[in-house]
Amino acid sequence: MVCRSPIKSPWAARAPCRQSAPSSSVLAPGRNVSRGRSILVPIVCAASPVAVCDDASNHDQNPSPVPFPVEARLPPPTAIFSLAVGGAIDSTSLQKLVTSIGAGSGGDGGGGGDGGHGDGFGGGDSGCGGEGFNEIFRLALDENDDEEEEESEDESDDAPQKEEGEEDEDYVDPSAPFYCSEMVSEGLMEGFAVPREGDLFAGLNCQPGFHCTQAELKKDLQTLSQTDGIDRVEVRVTPIKGTKGKKCQVKFIFYSKLYPQMKSFKVVGASAIPKDVVEKVMEIYNRDVAEGRSDAQTTMQTIGLMRGIVEKWYQDRGFIMSYIKQFDGLETGNVVAKVVEGRVNKVKVLYVDDEGQEKKKGNATPESYVRRELSFVPGMLYSQEDSRRALRDLIGTGMYENVQVLPEQAKKDEKKVDVTVMVKETPMRTTEIELDWRVRNNRNIPMLDGVVPGGTFIVDNRNLFGKGYNLTGTVTTSNILDPRDIGYKIEWRKPYVWGERDLNRTALSVTAFNARRVSGVFTGGPMGEDVPPIMVHRNGAKVALQQQYNNHSRGSLGVVLEEITALDDTGSIVSRGFRSNSQTEGPPTTLSEGQDQQIYIQGNVVRDTTYRVNGTPIGARDMLQVDQGTGVGGLFNRCQGSFTRFIQLTKPVRYKPPVSLVLHGKAGGCLGDLASYDAYCLGGPFSVRGLNIGEIGTARHFAEMGMELRLPTPYFNQQMFLFYEQASDLGSSKLVPGNPTTYFRKPGSGSTYGAGVRIGPIRSEWVRDRNIGRSHIMFCIGERY
């Protein structure tokens, strides 16, 4: 999502969002960009004036109302210059505040007053005994600052210059831009929902690693001084020792504003927030005051408490365009928070071309195809979840390769949010050709299985007949020069089969398939005994209805008709598997003599609440699948479920992924007439990694578990991990026809453990098989869970 209009920040009256989001993304409000940074929240709130002395000698007789001693406002002895914002003053005061005090020793240093701590601005009887103040000037900003800017520039020309013979060390010309090496704060309160240093500094013009000017500091002071609860802000720029003035520290000094004790709290303009949430503010405030954890006066911490409770309720529910605009009644103690609830007003669809420019003609899909995937309802609170769902569903259609959701507050009514959905269409017709070479293990050395590659040919039409139908065809073979094992898959999909008002977005899919794979049932055990491969050839069709229940849940229900044939490596039908050195008959390959026909009903439900934190998934994913035979080819029931939890253990540091723990469990069982090719094969990359498919055994009931601890690498923002996985047939191998587990000398249970590192999509893993004590290194692509 890209913010184009002023969006209110929790700590600002105005916070313009000036940065475009990346493709297919959603941005929260209150973010901003300063010199390439990703967070931008200009703090702009109302500020009260602070009295400024007209004469330095009257400083004691005209103290500032800020509840801090005057001495706290003077810069340290090494300050180059100091700017302060407290309110409006006249030009006469401005001129009298511009002073030049050079470096000296003892009493000549300009410390003034008592012991150099400076009860007045003038010279005193005694100095601090060392270097005097090196303050070049102190400047208070005026409402008519633009008119006095030229005068300020002229006075800066009169600033003291480096005298002849003076050392170069740590000298900075105050009239020239300086290099900001670091930014710090002083006097900033801490508490619940109180803006932190990083939040306040993110939207400033002056940033570490860049050159800054006095004009930029003035603007930054104006921004910071209008933060709720801030009475006055000063800035001091000091050269860092040993850098010869090339690097400076910028320190912002905050003085808090104090209000009377809060007597009551209420909100106006809010219709969605429950009453008990509003009452919670006074409950927590009175409790903290009674227990001495909070000052009785209303301070920045109190304002943070009010914002934190009210705005957190909106933020937790994704209502990112709802916020507190301002507070009234702080001076009386009867506080009223004015809430703005952003509600959807208009929804606009915008087509763009490759350059991001608006495309008004030649669109392959009508606007209605976009609108039917949106869940924005005019008059409802704008929700970030609706934006995320729009991104996911529009990308999921396959017709759009780039989607952005742009919320914008209406110019005339800040309570209304205009939503623009920007889409870039993907080519509707595509053709792809993929080549792959198989690798075999030759004495622990990977070698090519042959020079001639296999291939995959893919044809896709995402908008067939201009009606949104999707037709995809895939043809595969293991040898492009001798394609005797051609497999294919053709799928036709019609979305919104029950109409565009269907809340579950039901889609109809029809699939024809023809696939041939080596069966994991008829393979050797962990000792590597030679077993001739048995190919299971499946040819059939599937008709299914697919539904999307909500943002996290989906399901499907369909009918599968297929013919299953068991073949040897010559393509001949075989009815039984066998070992090369065995004279006995092995387990049967099918229910009949090498070929079966089946019709069964298949249904599944998936709930996925995962989200990504710096690239690593966090959340939960559950799946349940049930296959029910109809009696054609056997009457059976087979079900399995998997449960995976991605637990975040630490907070992410900058752009590195957090430490996380993955817990995985999977179990299944079957009843009735079930052939061995449909039994559960234990072992393999998606069962127990590091083992061949079916190496542990073949079962009618099984249980698997796994855990993985993921840690960020010290460099490159990648992940390293430790894992342990285990599977068992629960003693059900003997129930499989012919007991292939015992015949092929498989253990029936096993486990592995190891460690690895993931770089991009590639996982490199060291795995140790606990059954035979064998270790090896393997490379995989994609996620394990």
Side-chain angles (χ1 to χ4, degrees), residues 369 372-373 392-393 396-399 428-430 456-476 486-517 536-550 553-565 590-592 595-608 623-642 668 670-675 677-679:
Y369 284 12
R372 70 187 184 187
E373 304 294 338
R392 184 202 62 206
D393 293 344
T397 62
M399 293 186 289
M428 295 296 113
R429 301 180 181 88
T430 59
T456 302
F457 183 72
I458 305 172
V459 178
D460 194 0
N461 190 324
R462 298 177 177 86
N463 190 19
L464 188 64
F465 306 130
K467 296 184 177 181
Y469 303 158
N470 191 311
L471 180 64
T472 304
T474 305
V475 179
T476 60
I486 288 181
Y488 64 83
K489 181 180 179 181
I490 301 174
E491 181 178 7
W492 173 80
R493 187 175 185 272
K494 177 184 178 181
Y496 290 91
V497 66
W498 304 136
E500 295 185 358
R501 295 187 178 181
D502 180 16
L503 297 180
N504 291 331
R505 307 182 183 188
T506 307
L508 172 66
S509 67
V510 179
T511 306
F513 57 87
N514 177 26
R516 181 180 299 182
R517 293 185 177 87
V536 175
H537 183 88
R538 296 177 182 265
N539 183 23
K542 178 181 178 179
V543 180
L545 293 175
Q546 302 166 349
Q547 293 185 324
Q548 187 78 38
Y549 306 123
N550 53 45
S553 302
R554 63 183 184 274
S556 67
L557 181 65
V559 178
V560 180
L561 303 87
E562 63 178 352
E563 180 183 69
I564 302 99
T565 306
T590 60
L591 293 177
S592 58
Q595 193 173 57
D596 291 338
Q597 290 81 32
Q598 284 185 350
I599 299 178
Y600 62 92
I601 300 172
Q602 183 179 83
N604 66 72
V605 177
V606 178
R607 177 168 176 77
D608 190 346
M623 185 275 293
L624 176 65
Q625 178 171 313
V626 178
D627 298 335
Q628 176 61 53
T630 60
V632 178
L635 184 62
F636 62 88
N637 178 274
R638 177 179 60 236
C639 65
Q640 66 177 358
S642 65
C670 53
L671 301 171
D673 304 323
L674 193 72
Y677 52 74
D678 278 336

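Side-chain contact check for Glu373 versus Met399: every heavy-atom pair is 4.5 Å or farther apart. Side-chain contact between Glu563 and Gln595 is present, with heavy atoms from C-beta onward closer than 4.5 Å. Residues Thr476 and Tyr488 have side chains not in contact (no heavy-atom distance under 4.5 Å, counting atoms from C-beta outward). When side chains are defined from C-beta on, Asp627 does not count as touching Asn637, because their heavy atoms never get closer than 4.5 Å. Residues Arg493 and Thr511 have side chains not in contact (no heavy-atom distance under 4.5 Å, counting atoms from C-beta outward).
Judged by distance alone, the side chain of Gln602 and the main-chain N or O of Val559 form no donor-acceptor pair under 3.5 Å. Of the possible donor and acceptor atoms, one in the side chain of Asn463 sits under 3.5 Å from a partner among the backbone N and O of Gly468. A donor-acceptor distance shorter than 3.5 angstrom exists from the side chain of Tyr369 to the backbone of Lys467, with no hydrogens or angles considered.
Scanning both residues, Gln546 and Ser509, for their nearest heavy atoms gives NE2-OG, 3.4 Å. Closest non-hydrogen pair, Gln548 versus Asn550, comes out as NE2-O, 3.0 Å. Of all heavy-atom pairs between Lys542 and Phe513, the closest is N-CE2, 4.3 Å. Taking every heavy atom of both residues into account, Cys639 and Val626 meet most closely at CB-CG2, 3.9 Å. In terms of heavy atoms, Arg554 sits closest to Tyr549 at C-CE1, 3.5 Å. Between Ile486 and Asn514, the shortest heavy-atom contact is O-ND2, 3.4 Å.
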Run the side chain to side chain contact (heavy atoms under 4.5 Å, CB included) test on Leu508 and Trp498 for me, step by step, so that the C-alpha distance in whole Å, both residues' side-chain angles and the decisive distance to 0.1 Å come before the verdict. CA-CA 9 Å; Leu508 172 66; Trp498 304 136; over 6 Å; no

Let me see the working for Ser553 and Arg607 under side chain to side chain donor-acceptor pair (under 3.5 Å), right down to the final yes or no. CA-CA 4 Å; Ser553 302; Arg607 177 168 176 77; 3.2 Å; yes

Take Val510 and Ile490 through the test side chain to side chain contact (heavy atoms under 4.5 Å, CB included) and record every step on the way to the result. CA-CA 8 Å; Val510 179; Ile490 301 174; over 6 Å; no

Report the C-alpha distance between Tyr600 and Val632 in whole Å, list the side-chain angles of each, state the deciding distance to 0.1 Å, and finish with yes or no for side chain to side chain contact (heavy atoms under 4.5 Å, CB included). CA-CA 8 Å; Tyr600 62 92; Val632 178; over 6 Å; no

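Here the CZ atom belonging to Arg462 is positioned 11.5 Å from the CG atom belonging to Leu471, to the nearest 0.5 angstrom. Annotation: the span from Tyr469 atom OH to Asn461 atom CG amounts to 12.5 Å, rounded to 0.5 Å. The CG atom of Asn470 sits 7.5 Å away from the CD atom of Glu491 when rounded to the nearest 0.5 Å. To the nearest 0.5 Å, the span separating CZ on Arg538 from CG on Asp678 amounts to 5.0 Å. Atom OG1 in Thr630 sits 8.0 Å away from atom CG in Leu561 (nearest 0.5 Å). Rounding to the nearest 0.5 Å places CD of Gln640 at 10.5 Å from CG of Asn604.
Shown here is Arg517, whose CZ atom has no more than 12 heavy atoms of other residues, nucleotides or ligands within 6.0 Å. Enclosure of atom CG in Leu635 by more than 12 non-hydrogen atoms of other residues, nucleotides or ligands within 6.0 angstrom is indicated.
Partners of Glu500 under the salt bridge (charged side-chain N to carboxylate O under 4.0 Å, His left out) rule, at least two apart in sequence or in another chain, are Arg372. By the salt bridge (charged side-chain N to carboxylate O under 4.0 Å, His left out) test, Asp596 pairs with no residue at all, sequence neighbours left out. Applying the salt bridge (charged side-chain N to carboxylate O under 4.0 Å, His left out) criterion to Asp393, with sequence neighbours excluded, gives Arg389, Arg505.
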